[in-house]
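Report on the following structure.
Ligands are counted one by one from 1 in listed order, and the atoms in each one are counted from 1 as well.
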Amino acid sequence: MNALVHIANQFHPGTALAITPLGKGLINDTFLVTAAASKFVLQRINTKVFADPDLITANLIIINQHIKQKNAARLQIPEILTSAAGQPFYRDDNGDYWRAQHFIDHTSSLNTLGTLADAEQTGFALGHFHRLLSDLNPALLHDTLPGFHITPGYLARYHEIAGQSQRRDRYCAEIIDCFGRIAATLETAKQQGLLPMRVIHGDPKLNNFLFDRHSKTIVSLIDLDTVKPGLVHYDIGDCLRSCCRHPATNAFDLEVCAAILEHYLAEAKTFFSESEYDYLYPAIQLIPFELGLRFYTDYLEGNRYFKVTEPEQNLQRASRQFRLCESITAQETAIKALIDSFR
Ligand code: ADP
Ligand code: GN1
Ligand code: MG
């Protein structure tokens, strides 16, 4: 605790009253610091995952400036705090990289959707985020996590590890054998010039949207470490897989999907191309498969990437994503019809 107070003091000297863990992140460590007159968010960036956190900070500064100059922006992103040494980060004696951000007060993040109105808000907010950044040249941003969302890369890694690991789960192995054929769908379309590189969030799962407690509207999108050039399809697939999975059955909820997509596309239609519509279904199917593959490979490797509280947790997480992918596949015709109704 003393070490944390010392670190918090680098951003807000002398006044930390309480420091409590925040969120359920699987990569970084996040804390809420309560000071006498304000609150702020303190995060230790996992440098085993993000090898060069300075790149994250540089991207955040660029997108913050870009969004700020828009008159009609309906989303804010948290401001980065400067340390006593005048830097947007602090390196502690262990070499750990810490950063601090303004706390956006009177907001909540949801782990499961409450109402369809929440789903509509989520679709709108992701579409608005993409729209606000649609005129920012993605080449200006750094690649903070090379290989992120490149499914063929995860599949190749899985095959490498599966050959060496003592562990094996029959269901997961069969799903990967069956769905491995879809792994390259988005990357091939990208290489063929069918899908353009844009500025993406990278991790727009439900609990990274902040809802205003009173109006129930989304006021901010947070957890911006993976903002970088990429396909908006990674984001759409990731948002839908996190919002549409029924927690008990792992079934894909078409009604929630409809609410999100309708409101996403109402924003995104200003920049969306025909082939971007064509690849919506493949993305919705691919991203849960990809996440299942990432969780399962990490389980085989001994849980080195995603935090776990017990050794089989990444296996359970993988199974849930694979069940979701199966449910999406079973509803392919209905999902495609829904997408066509929005063109
Ligand atoms: P993690 O990588 O741990 O998911 P996040 O940046 O998503 O890190 O933060 C975890 C949680 O902390 C969020 O889900 C949200 O509830 C809260 N939070 C993070 N940053 C802010 C902020 N700037 N303002 C208000 N709440 C925040
Ligand atoms: C990781 O740490 P968190 O929960 O924000 C992961 C995402 C996964 C998510 C699954 C950089 O994000 O890709 O979708 O876990 N982030 C990274 O819960 O790998
Ligand atoms: Mg988060």
Side-chain angles (χ1 to χ4, degrees), residues 11 19-34 38-51 53 55-56 59-60 64 75-81 97-112 122 143-151 153-154 157 200-213 218-228 230 234-243 245 247 286-299 303-309 313-314 316-318 320-321 324:
F11 295 98
I19 304 180
T20 48
L22 204 53
K24 297 187 162 191
L26 303 186
I27 310 288
N28 298 327
D29 300 310
T30 306
F31 302 90
L32 174 65
V33 182
T34 307
S38 64
K39 292 175 183 168
F40 66 95
V41 177
L42 184 64
Q43 290 184 304
R44 175 173 36 208
I45 305 301
N46 181 338
T47 46
K48 286 194 191 123
V49 171
F50 297 102
L55 302 184
I56 300 176
N59 282 356
L60 287 184
N64 236 322
L75 282 176
Q76 57 173 310
I77 56 176
E79 293 277 344
I80 302 167
L81 302 186
Y97 189 103
W98 293 85
R99 63 131 186 261
Q101 299 170 37
H102 270 292
F103 182 74
I104 302 179
D105 221 342
H106 312 295
T107 60
S108 322
S109 57
L110 308 179
N111 286 312
T112 45
T122 308
D143 187 348
T144 55
L145 193 52
F148 190 54
H149 287 312
I150 309 296
T151 319
Y154 295 120
R157 178 75 185 151
I200 63 157
H201 181 286
D203 188 14
K205 59 183 195 296
L206 179 61
N207 64 15
N208 287 329
F209 293 83
L210 296 184
F211 287 77
D212 180 273
R213 286 213 186 111
I218 292 173
V219 292
S220 181
L221 196 43
I222 57 165
D223 213 348
L224 300 157
D225 309 320
T226 48
V227 166
K228 61 184 208 134
Y234 305 148
D235 279 358
I236 298 164
D238 198 58
C239 181
L240 289 171
R241 67 112 198 126
S242 89
C243 293
R245 184 177 64 83
L286 181 64
I287 299 300
F289 170 70
E290 178 193 91
L291 185 57
L293 179 65
R294 293 171 63 202
F295 280 139
Y296 182 56
T297 306
D298 198 35
Y299 162 76
N303 308 315
R304 295 185 196 171
Y305 186 97
F306 297 105
K307 284 181 200 167
V308 290
T309 49
Q313 199 172 13
N314 277 323
Q316 291 151 8
R317 289 170 176 154
R320 287 200 282 270
Q321 295 302 318
L324 176 65

With heavy atoms of Leu145 as the reference, note each atom of ligand 2 found under 4.0 Å away. 11 (C)

For the side chain of Tyr296 and the backbone of Asn314, is there at least one donor-acceptor N/O pair under 3.5 Å apart? no

Counting both backbone and side chain atoms, is some N or O of Lys24 under 3.5 Å from an N or O of ligand 2? no

Is there a polar contact between ligand 1 and Ser109, counting only N or O atoms under 3.5 Å apart? yes

Ligand 2 to Leu26 polar contact by distance, N or O atoms, under 3.5 Å: yes

Distance under 4.0 Å to a non-hydrogen atom of Phe148: what atoms of ligand 2 satisfy this? 13 (O), 17 (C), 19 (O)

Find all atoms of ligand 2 within a distance of less than 4.0 Å from any non-hydrogen atom belonging to Phe50, and give their numbers and elements. 11 (C)

Please state which option from Arg241, Lys307, Lys205 has its nearest heavy atom closest to atom 14 (O) of ligand 2. Arg241

Closest non-hydrogen protein atom to atom 8 (C) of ligand 2, residue and atom name please, with distance? Leu291 CD1, 3.9 Å

With atom 15 (C) of ligand 1 as the reference point, say which of Asp225, Ile77, Ile222, Leu22 has the nearest heavy atom. Ile222

Starting from atom 14 (O) of ligand 1, locate the nearest protein heavy atom and write down its residue, its atom name and how far away it is, to 0.1 Å. Asn207 O, 3.0 Å

Would you mind checking which non-hydrogen protein atom is closest to atom 26 (N) of ligand 1, with the distance to 0.1 Å? Phe103 CE1, 3.4 Å

Using a 4.0 Å heavy-atom cut-off, which part of Asn28 comes near ligand 2: side chain, backbone, both, or neither? neither

As an exercise, identify every atom of ligand 2 less than 4.0 angstrom from a heavy atom of Gly25. 2 (O), 4 (O)

Hey, does Ile27 sit under 4.0 Å from ligand 1 if you only count heavy atoms? no

The Mg ion (ligand 3) reached by Asn208 (N, O or S, under 2.8 Å): yes

Go through ligand 2 atom by atom and flag the ones less than 4.0 Å from a non-hydrogen atom of Tyr305. 11 (C), 17 (C), 19 (O)

With a cutoff of 4.0 Å, is Gln43 in contact with ligand 1, counting heavy atoms of the residue only? yes

Which of the atoms of ligand 1 are close to Gly25, meaning less than 4.0 Å from one of its heavy atoms? 1 (P), 3 (O), 4 (O)

Given side chain to side chain donor-acceptor pair (under 3.5 Å), test Gln101 with Glu79 step by step and report yes or no. CA-CA 6 Å; Gln101 299 170 37; Glu79 293 277 344; over 6 Å; no

Return the residue, atom name and 0.1 Å-rounded distance of the protein heavy atom closest to atom 9 (O) of ligand 1. Thr30 CG2, 3.7 Å

Heavy-atom pair with the smallest gap, counting every atom of Tyr154 and Gly147: OH-O, 3.6 Å

Heavy-atom nearest neighbour in the protein, as seen from atom 10 (C) of ligand 1, with distance rounded to 0.1 Å: Gly23 CA, 3.7 Å

Nearest non-hydrogen protein atom, atom 1 (C) of ligand 2: Ile27 CG1, 3.8 Å

Min side-chain heavy-atom separation His102-Ile80 under 4.5 Å: no

Asp223, any N or O under 3.5 Å of ligand 1 N or O: yes

Show me which atoms of ligand 1 lie under 4.0 Å from any heavy atom of Asn208. 7 (O)

Any idea which protein heavy atom is nearest atom 24 (N) of ligand 1, and the distance to it? Ile104 N, 2.8 Å

Ile200 and side-chain contact (heavy atoms from CB on, under 4.5 Å): which single residue from Val227, Thr226, Asp235 fits? Asp235

Classify the contact between Val41 and ligand 1 as side chain, backbone, both or neither, using a heavy-atom distance cut-off of under 4.0 Å. side chain

Does the side chain to side chain donor-acceptor pair (under 3.5 Å) test come out yes or no for Asp298 and Asn303, once each step is laid out? CA-CA 5 Å; Asp298 198 35; Asn303 308 315; over 6 Å; no

Is the shortest side-chain N to carboxylate O distance from Arg213 to Asp105 below 4.0 Å? no

Relative to the Mg ion (ligand 3), which of the N, O or S atoms in Asp223 is the closest? OD2

Under 4.0 Å between heavy atoms, the region of Asp203 that gets near ligand 2 turns out to be side chain

In terms of its nearest heavy atom to atom 23 (N) of ligand 1, the top option of His106, Lys39, His102 is His102

Please report whether ligand 2 has a polar contact with Arg294, defined as an N or O pair separated by less than 3.5 Å (distance criterion only). yes

At a 4.0 Å threshold, what atoms of ligand 1 neighbour a non-hydrogen atom of Pro78? 23 (N)

